[in-house]
Amino acid sequence: MKDKPLVTRVTLRALEKLLTGWVEEDNDCVIKFYSPRCHYCKLLAPPYHAIAEKYDKVSFMAFNVFDVPEEFEIGELVELNGVPTIIKFKTGPFGKPSIHTLQEPAEPNEYTWYWPEDIETFINEEF
């Protein structure tokens with residue numbers, strides 16, 4: 001069992017640090033961008049937590065897109081086409097990480113948008 005929470009909610013400041021290369025420790029990270037108003041996002045939370053439980057060496061996070069002030073352009077950090085969006089990247093001493101985005105499903109899950117097995121396949125691909 002993990003000592004840390006399965007999924008950590010990150011602040012905008014933490015997101016900036018993660019995605020701009022401030023974090024020098026080697027770490028594989030997955031972030032789900034969500035909105036509390038999105039029904040897909042709400043229903044995706046339990047499968048996302050269940051997936052996080054399977055990976056001891058990956059940090060799973062969630063970011064509420066409503067935590068972004070109007071004057072801040074989230075597109076400067078990461079490209080979002082909507083919510084939910086799932087990205088992965090590796091932090092480390094090599095600078096700004098290369099961000100990989102889970103592709104939109106050809107046939108979305110009617111409840112959670114992403115299929116849990118697609119999320120796991122995405123995570124298992126090389127960071």
Side-chain angles (χ1 to χ4, degrees):
M1 181 167 232
K2 293 184 176 184
D3 294 344
K4 60 183 180 175
L6 291 176
V7 177
T8 303
R9 184 167 176 226
V10 292
T11 64
L12 179 58
R13 182 76 174 132
L15 183 68
E16 286 180 296
K17 287 182 176 185
L18 287 163
L19 298 181
T20 59
W22 284 31
V23 178
E24 293 189 1
E25 298 85 27
D26 284 331
N27 199 11
D28 294 339
C29 302
V30 175
I31 300 179
K32 176 185 74 167
F33 291 83
Y34 72 95
S35 162
R37 298 180 186 163
C38 167
H39 70 279
Y40 291 123
C41 299
K42 290 177 185 175
L43 294 173
L44 183 60
Y48 187 70
H49 279 78
I51 292 167
E53 196 167 16
K54 297 178 183 181
Y55 294 86
D56 288 336
K57 298 186 189 283
V58 177
S59 293
F60 284 82
M61 297 168 248
F63 181 78
N64 180 347
V65 296
F66 283 110
D67 287 347
V68 178
E70 285 184 34
E71 66 276 5
F72 188 85
E73 180 55 50
I74 191 78
E76 293 177 12
L77 293 175
V78 64
E79 185 178 331
L80 297 179
N81 293 325
V83 289
T85 293
I86 297 176
I87 67 168
K88 70 177 183 177
F89 57 94
K90 181 185 260 323
T91 60
F94 39 80
K96 187 175 179 180
S98 176
I99 299 168
H100 306 276
T101 304
L102 177 58
Q103 296 293 337
E104 296 292 317
E107 294 182 30
N109 181 305
E110 66 181 298
Y111 300 107
T112 60
W113 190 254
Y114 292 112
W115 295 91
E117 54 271 15
D118 291 344
I119 296 171
E120 288 197 66
T121 299
F122 175 67
I123 292 167
N124 289 326
E125 294 169 352
E126 188 173 330
F127 275 75

Evaluation steps, side-chain contact (heavy atoms from CB on, under 4.5 Å), between F89 and L19: CA-CA 8 Å; F89 57 94; L19 298 181; 3.6 Å; yes
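- Annotation: side chain of N64 is in contact with side chain of P36 (closest heavy-atom distance under 4.5 Å).
- Taken to the nearest 0.5 Å, the NZ atom of K96 stands 13.5 Å off from the CH2 atom of W22.
- The shortest side-chain heavy-atom distance between T112 and P47 falls under the 4.5 Å cut-off.
- Under the 3.5 Å distance criterion, the side-chain polar atoms of K90 are left unmatched by any main-chain donor or acceptor of P97.
- The line from CZ of F66 to CZ of R37 is 3.5 Å long, rounded to the nearest 0.5 Å.
- By the 4.5 Å heavy-atom criterion applied to side chains, L12 and P69 are counted as neighbours.
- Between F33 and V65, the shortest heavy-atom distance links the atoms CB-CG1, 4.2 Å.
- With contacts defined as side-chain heavy-atom distances shorter than 4.5 Å, the pair P116/L44 does not qualify.
- Looking only at distances, no side-chain donor or acceptor of Y48 sits under 3.5 Å from a matching main-chain atom of L43.
- Counted by atom type alone, E107 and W115 present zero donor-acceptor pairs between their side chains at under 3.5 Å.
- When all heavy atoms are compared, the tightest approach of V10 to F63 is O-CD1, 3.2 Å.
- For the pair R9 and Y34, the cation does not sit on the ring face, since its NZ or CZ is not both under 6.0 Å from the ring centre and inside 45° of the axis.
- By the 4.5 Å heavy-atom criterion applied to side chains, K88 and E125 are counted as neighbours.
- In terms of heavy atoms, K57 sits closest to D28 at O-CB, 4.1 Å.
- Summarising the geometry of F127 relative to V58, their closest heavy-atom pair is CZ-CG1, 4.4 Å, with the distance given to 0.1 Å.
- Taking CD1 of I99 as the reference point, atom CG of L77 lies at 7.5 Å (rounded to 0.5 Å).
- Under the 4.5 Å side-chain contact rule for hydrophobic residues, V23 and M61 share a cluster.
- Looking only at distances, no side-chain donor or acceptor of K32 sits under 3.5 Å from a matching main-chain atom of V7.
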Derivation of the side-chain contact (heavy atoms from CB on, under 4.5 Å) call for I86 and F60: CA-CA 10 Å; I86 297 176; F60 284 82; over 6 Å; no
Trace of the side-chain contact (heavy atoms from CB on, under 4.5 Å) decision for V68 with L15: CA-CA 11 Å; V68 178; L15 183 68; over 6 Å; no
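- A donor-acceptor distance shorter than 3.5 angstrom exists from the side chain of T91 to the backbone of E25, with no hydrogens or angles considered.
- Within a 6.0 Å radius of CD in E104, other residues, nucleotides and ligands contribute more than 12 heavy atoms.
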V30/I51 under side-chain contact (heavy atoms from CB on, under 4.5 Å): CA gap, chis, key distance, verdict: CA-CA 11 Å; V30 175; I51 292 167; over 6 Å; no
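- Applying the 6.0 Å contact sphere to CZ of F72 captures more than 12 heavy atoms from other residues, nucleotides or ligands.
- Connection of V78 to I31 is established within a shared hydrophobic cluster, with ILVMFWY side chains joined at heavy-atom distances below 4.5 Å, either directly or through further cluster members.
- In plain terms, the two heavy atoms of L6 and A52 that are nearest each other are O-CB, 3.6 Å.
- The heavy-atom pair separating I123 from Y55 by the smallest distance is CG2-CE2, 3.7 Å.
- Of the inter-residue distances, the one linking C41 atom SG with Y114 atom OH reads 9.5 Å to the nearest 0.5 angstrom.
- Atoms CD and OG1, on E79 and T85 in that order, are 9.0 Å from each other to the nearest 0.5 Å.
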